[in-house]
Protein chains: 2
Amino acid sequence: MENRTVDTRERILDAGERLFMAHGYEGTSMRQITSEACVNLAAVNYHFGSKESLMQEVFRRRLDWLNEERMRVLDVLEAEANGEPVKPSAIVDAFFGTLLRMAGDENRGGMTFLRLLGRTLTEPSEFIRAFLAHEYKTVMDRYKEALFKALPEVPKAEIVWRFHFMLGATSYAIAGTDALRLVTDWQIEDEDSTDRLDRLVPRLMSFLLGGLRAQLPQFSDAAVDSK
Amino acid sequence: MENRTVDTRERILDAGERLFMAHGYEGTSMRQITSEACVNLAAVNYHFGSKESLMQEVFRRRLDWLNEERMRVLDVLEAEANGEPVKPSAIVDAFFGTLLRMAGDENRGGMTFLRLLGRTLTEPSEFIRAFLAHEYKTVMDRYKEALFKALPEVPKAEIVWRFHFMLGATSYAIAGTDALRLVTDWQIEDEDSTDRLDRLVPRLMSFLLGGLRAQLPQFSDAAVDSK
DNA sequence: TTATGATTAAAACGAACGTATGAATCATAA
DNA sequence: TTATGATTCATACGTTCGTTTTAATCATAA
């Protein structure tokens with residue numbers, strides 16, 4: 001009994017992941033999903049209850065592992081540091097590198113899930129917001145604290161903003177890997193697509209670190225940045 | 001006759017802009033739009049032909065000015081430079097600063113349009129891709145060339161990627177101004193919302209320039225970065 | 001082999017979608 | 001004042017949406 005069920009559930013999750021990535025939540029119909037998964041229309045409601053619950057399960061399947069892994073890696077880094085601050089580059093790699101390396105692991109959703117995640121963060125449907133907030137809260141707080149410790153001379157508000165900017169650059173780097181081409185018609189010359197992912201990680205990492213450690217902004221107005 | 005028409009068209013465009021921003025293209029219905037605009041359901045099809053055409057017009061109304069302004073500013077910068085390369089910081093400010101300062105100009109869409117633009121770039125519906133590509137092509141090429149000249153020691157492929165990353169960070173900075181709060185539950189402490197926008201521009205600019213001028217990545221593999 | 005609970009299947013539900021139609025209403029020029 | 005073209009209006013069309021229902025089919029344990 002177990003076998004059929006798992007296959008059906010997984011096929012639905014895979015189809016949902018791919019279609020939500022390509023057309024968004026609202027732009028994807030149950031009939032598209034069940035058709036692509038080769039299951040009956042009623043199967044989604046039977047196994048997941050509703051379209052919204054399916055969407056949540058699509059995320060949970062990947063995010064649970066991702067955020068556990070992020071916690072685990074940061075645990076290791078902090079243990080190695082023996083109470084000293086962890087290097088910013090190591091923190092950034094633990095958070096964003098772990099995410100990006102999912103793209104190469106087809107068993108963990110690969111590029112498809114990363115692009116879904118990237119686009120979802122800019123179009124948070126009301127119901128998915130609470131879910132993502134809950135799913136992300138703990139790991140975000142841990143990394144925020146680690147960055148505060150790693151960069152004691154940078155105001156906390158600035159670090160929070162820069163984490164925010166880093167998330168944006170990363171989401172685009174993924175979600176837009178071929179979307180941006182359609183906007184700009186740019187060719188990333190001389191690179192086949194296998195090369196591209198391998199090189200994306202160091203490229204993005206350089207950019208993120210450059211931004212994180214950039215000169216602090218000068219506010220034209222009077223008020224100095226509050227500690 | 002002219003007056004009623006213009007008002008109706010503008011009210012529809014305003015409502016569409018706000019609702020597309022909040023719920024996305026697929027997530028917004030004609031009935032929501034016409035209801036918010038206080039016009040008859042048939043008014044959209046009468047004035048714009050279809051929902052897709054309305055979406056295009058929502059963008060055109062703002063992008064035409066934005067991209068002309070970007071061109072104009074770069075013209076001025078290059079004229080002042082007398083054939084010398086323009087400073088990277090000036091190029092970045094001309095492109096992204098011009099965009100960000102739209103947020104403060106309610107007559108040009110303000111924050112609403114910027115957030116719509118930000119989220120649309122990660123969810124490019126098939127039909128909007130060709131439109132945005134056409135609308136953006138010329139100005140993108142101009143700025144790309146300016147950056148090549150400004151950073152002759154950086155490989156062109158790297159500059160293209162970093163422009164890409166900067167777009168992402170910027171889109172998030174805008175689209176996520178309150179979306180990210182919902183993901184991370186962060187409070188940007190000690191700042192009222194009027195302060196926030198004034199400070200966002202220098203903050204983001206510092207980050208973008210730090211990323212643009214960051215140390216070049218070291219690729220672990222053999223092949224050196226191609227010219 | 002038969003009984004049982006899990007899963008799949010086919011069909012239909014009411015609601016909401018984008019769009020089209022034709023009559024009513026408006027502003028303007030003759 | 002009346003004729004005309006632009007605009008607004010109420011209404012309906014045909015589809016598609018997510019979900020539900022009821023029956024058929026399957027796998028397993030007694």
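Naming: A, B, ... by sequence-line order, numbering from 1 per chain. It should be emphasised that the depicted structure is a prediction, and the values quoted were computed from it without experimental measurement.
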K.L.:
OH of A:Y46 versus P of C:dA10: gap in Å, rounded?
P.N.:
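These atoms are roughly 17 Å apart.
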K.L.:
Atom CG of B:N45 and atom P of C:dA20: how far apart are they, to the nearest Å?
P.N.:
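Going from B:N45 (CG) to C:dA20 (P), I get 6 Å.
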K.L.:
Output yes when at least one side-chain N/O atom of B:T8 is less than 4.0 Å from OP1 or OP2 of D:dT8, else no.
P.N.:
yes
K.L.:
For B:F59 and B:F113, take the angle between the two ring planes, folded into 0 to 90°, and tell me which bin it lands in: parallel under 30, tilted 30 to 60, perpendicular over 60.
P.N.:
perpendicular
K.L.:
Decide, yes or no, whether a salt bridge links B:R70 with B:D75 under the criterion of side-chain N to carboxylate O below 4.0 Å.
P.N.:
no
K.L.:
Measure from CE on B:M30 to P on D:dT15 and round the result to the nearest Å.
P.N.:
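In whole Å, D:dT15 P lies 19 Å from B:M30 CE.
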K.L.:
Please give the nucleotide sitting opposite C:dA30 as a Watson-Crick or G-U wobble pair, both distances under 3.5 Å, or none.
P.N.:
D:dT1
K.L.:
How is B:T28 classified with respect to the nucleic acid when contacts are heavy atoms under 4.0 Å: base, sugar-phosphate, or nothing?
P.N.:
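If one applies the 4.0 Å heavy-atom cut-off, B:T28 turns out to touch the sugar-phosphate alone, with no base involved.
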K.L.:
Looking only at the aromatic ring of each residue, does the gap between the centers of B:Y143 and B:Y136 stay below 6.0 angstrom?
P.N.:
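Not close enough - the centres of the two rings lie 6.0 Å or further apart.
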K.L.:
Given atom CD1 of B:I33 and atom P of C:dC17, what is their separation to the nearest angstrom?
P.N.:
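Going from CD1 in B:I33 over to P in C:dC17 covers 10 Å.
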K.L.:
Need the pair for C:dA20. Rule: Watson-Crick or G-U wobble, both distances under 3.5 Å, any strand; none if unpaired.
P.N.:
D:dT11
K.L.:
What distance separates B:H164 NE2 from B:E158 CD, expressed to the nearest 0.5 Å?
P.N.:
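So the gap between those two atoms works out to 13.0 Å.
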K.L.:
Can you check the A:Y25 OH to D:dC17 P distance for me, whole Å?
P.N.:
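From A:Y25 OH to D:dC17 P: 13 Å.
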K.L.:
About how many Å separate CZ of A:R61 and CZ of A:R9, when rounded to the nearest 0.5 Å?
P.N.:
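Going from CZ on A:R9 over to CZ on A:R61, the span is 9.5 Å.
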K.L.:
Using heavy atoms to find the nearest nucleotide of DNA chain D for B:C38 and A:L41 separately, return the residue whose nucleotide is more 5′.
P.N.:
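The residue closer to the strand's 5' end, by nearest nucleotide, is B:C38.
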K.L.:
Please determine if a side-chain N or O atom of B:S29 lies less than 4.0 Å away from the OP1 or OP2 oxygen of C:dC17.
P.N.:
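For C:dC17, OP1 or OP2 has a side-chain N or O of B:S29 closer than 4.0 Å.
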K.L.:
Check whether any side-chain N or O of B:S50 sits under 4.0 Å from OP1 or OP2 of C:dG18, and answer yes or no.
P.N.:
no
K.L.:
I need the CG-P distance between B:N40 and C:dT25, as an integer number of Å.
P.N.:
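Spelled out: CG on B:N40 to P on C:dT25 is 14 Å.
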K.L.:
Measure CG/B:D7 against P/C:dA27 and give the value in whole Å, please.
P.N.:
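Rounded to the whole Å, the gap is 13 Å.
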K.L.:
What contact category does B:A43 fall into here, base, sugar-phosphate, or nothing, at under 4.0 angstrom with non-hydrogen atoms?
P.N.:
nothing
K.L.:
With DNA chain D as reference, determine whether B:R31 or A:R31 sits nearer its 5' end, using the nearest nucleotide of each.
P.N.:
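Its nearest nucleotide lies further toward 5', so the answer is B:R31.
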K.L.:
From CE of A:M55 over to P of D:dT19, roughly how many Å is that when rounded to an integer?
P.N.:
14 Å
K.L.:
Strictly below 4.0 Å: does A:H47 bring a side-chain N or O up to OP1 or OP2 of C:dT8?
P.N.:
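The answer is yes; a side-chain N or O of A:H47 sits under 4.0 Å from OP1 or OP2.
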K.L.:
Taking the side chain of B:A42 as its heavy atoms from C-beta onward, which of C:dT19, C:dT7, D:dA10 lies nearest to it?
P.N.:
D:dA10
